[in-house]
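Please read these numbers as outputs of a predicted model, since none were measured by experiment. Chain naming here is simple, since letters A, B, ... match the order of the sequence lines and numbering starts at 1 in each.
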Number of protein chains: 2
Amino acid sequence: MTPSPAYPADPGQTPPSVVFLLSRLGYQAGSEMGRALGGLGIEPREFGLLRLLASCRGDSQRALGAMLRITPNRMVALVDGLESKGLIERRPHPDDRRAYTVTLTEKGAATLDQAFHAAFGVEAAVCASLEPAECEQLLRLLRKLAAAADERTGDLPGVHPGMLETSGKRPQYSHFR
Amino acid sequence: MTPSPAYPADPGQTPPSVVFLLSRLGYQAGSEMGRALGGLGIEPREFGLLRLLASCRGDSQRALGAMLRITPNRMVALVDGLESKGLIERRPHPDDRRAYTVTLTEKGAATLDQAFHAAFGVEAAVCASLEPAECEQLLRLLRKLAAAADERTGDLPGVHPGMLETSGKRPQYSHFR
DNA sequence: TATTGTTATACTCTATAACTATA
DNA sequence: TATAGTTATAGAGTATAACAATA
């Protein structure tokens with residue numbers, strides 16, 4: 001057995017692996033975002049849909065799901081939830097009587113605005129320990145990794161691949177470690 | 001509504017937010033690790049326990065769970081799984097007839113070795129797009145973030161906080177976006 | 001015949017609280 | 001009375017495959 005320097009067996013020691021740190025920090029950052037958005041009564045994936053709706057008014061439920069990589073059956077519950085909160089509306093599609101057009105309500109737009117604010121707050125908290133120059137440097141490196149990851153996995157650029165996988169209701173999931 | 005520059009509404013555009021990128025990259029990195037370990041017949045959280053066992057031989061199931069922040073009832077299934085694969089063994093605890101001592105088998109040690117190798121492979125793949133100097137720079141920044149996050153959340157240093165939350169069987173979970 | 005939104009079913013994972021046998 | 005390991009139950013979330021209405 002060769003306890004690797006990048007993955008020491010001792011859990012009391014922070015593993016200096018990029019993969020481990022990304023997974024761990026990504027989990028924590030996502031958790032903090034979830035808590036912040038929870039204060040507004042929405043979940044991270046709901047934030048994702050609201051965000052998308054700001055630029056895709058008039059699209060059908062299915063088209064929106066395709067962009068977020070959310071399957072049709074799960075879109076139902078997602079749209080139901082936001083509609084019951086009065087943040088979005090289903091309207092008859094002008095060209096297709098089978099489909100709905102999903103749009104932001106005024107309340108939804110206001111909530112999206114608050115969510116952007118909350119997201120900024122989390123961003124600031126997460127980056128608080130870094131100098132501004134370090135933060136930009138980090139951003140540059142992460143973007144480089146993201147571009148490479150998109151190419152490697154074929155994911156849509158800018159879409160969180162976890163969107164297609166599962167919930168987000170509870171602070172969940174490890175995946176690594 | 002003010003579509004923030006850090007969180008543009010257009011999903012076809014990579015959001016330059018540190019929080020978003022960490023969540024997204026952490027998810028992808030964890031997924032790749034899961035696939036790599038899956039080739040060895042183990043899951044990420046099983047890797048975590050094997051790794052811990054390399055340095056904590058003789059500890060009870062409950063003590064191990066406390067270190068990984070896994071509740072006793074979930075430790076049962078985790079230990080059962082690894083035991084059924086022949087990678088670990090439950091032995092009677094010398095001082096307490098209620099407890100078991102969990103230890104690596106020879107096969108388990110060999111698998112752990114292979115897992116370290118696989119982890120290195122993923123690490124190399126993830127970092128392949130970065131120059132060696134960039135990789136070290138990234139590592140430095142991530143460690144700094146991790147230290148700050150530990151302080152903010154009170155988590156045990158070096159322990160993936162997702163370990164205590166949920167599965168890892170399927171590539172799951174979004175949390176953000 | 002294909003597609004939109006929806007539902008029904010079965011399945012996985014989890015948390016909570018019990019239980020047993022020891023201490 | 002408390003603790004180690006285990007199990008039982010109920011709940012949330014999911015994927016798969018169906019379904020009715022429309023194209």
Apply side chain to side chain donor-acceptor pair (under 3.5 Å) to Glu151(B) and list each qualifying residue two or more places apart in sequence or on a separate chain. none
Tell me the interatomic distance from Leu78(B), atom CG, to dA4(D), atom P, rounded to whole angstroms.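 It works out to 18 Å between those atoms.
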Measure from NE2 on His93(B) to P on dT3(D) and round the result to the nearest Å. 16 Å
Partners passing side chain to side chain donor-acceptor pair (under 3.5 Å) against Lys85(A) (at least two apart in sequence or in another chain): Glu46(A)
Nearest whole Å is fine: how far is dT4(C) C1' from Arg90(A) CZ?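 Rounding to the nearest Å, CZ of Arg90(A) and C1' of dT4(C) are 12 Å apart.
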Quick one: what's the B/S/- string for nucleotides 16-23 of chain C, heavy-atom cutoff under 4.0 Å, read 5' to 3'? B----BBS
Identify, with sequence neighbours excluded, every residue that meets side chain to side chain donor-acceptor pair (under 3.5 Å) alongside Arg97(A).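 Partners of Arg97(A) under the side chain to side chain donor-acceptor pair (under 3.5 Å) test: none.
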With Glu83(A), which residues qualify under side chain to side chain donor-acceptor pair (under 3.5 Å), at least two apart?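 Side chain to side chain donor-acceptor pair (under 3.5 Å) list for Glu83(A), sorted by chain: Arg90(A).
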side-chain N/O Arg74(A) vs dA15(D) OP1/OP2, d < 4.0 Å: yes
Whole-Å distance separating the CG atom of Leu64(B) from the C1' atom of dA4(D):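 Computing the Leu64(B):CG to dA4(D):C1' distance gives 13 Å.
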Between Arg91(A) (CZ) and dG5(C) (P), how many Å, whole number?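 Arg91(A) atom CZ is separated from dG5(C) atom P by 16 Å.
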Among all residues two or more places apart in sequence or in another chain, which pass the salt bridge (charged side-chain N to carboxylate O under 4.0 Å, His left out) test with Lys144(B)? Glu134(A)
Provide, to the nearest angstrom, the distance between the CZ atom belonging to Arg62(A) and the P atom belonging to dA21(D). 17 Å
Integer-rounded Å distance: dA15(D) P and Arg69(A) CZ: 14 Å
When you look at CD of Gln114(B), are more than 12 heavy atoms from neighbouring residues, nucleotides or ligands closer to it than 6.0 Å?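 Counting other residues, nucleotides and ligands, CD of Gln114(B) exceeds 12 neighbours.
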Interatomic distance where CZ belongs to Arg45(B) and C1' belongs to dT14(C) [whole Å]: 10 Å
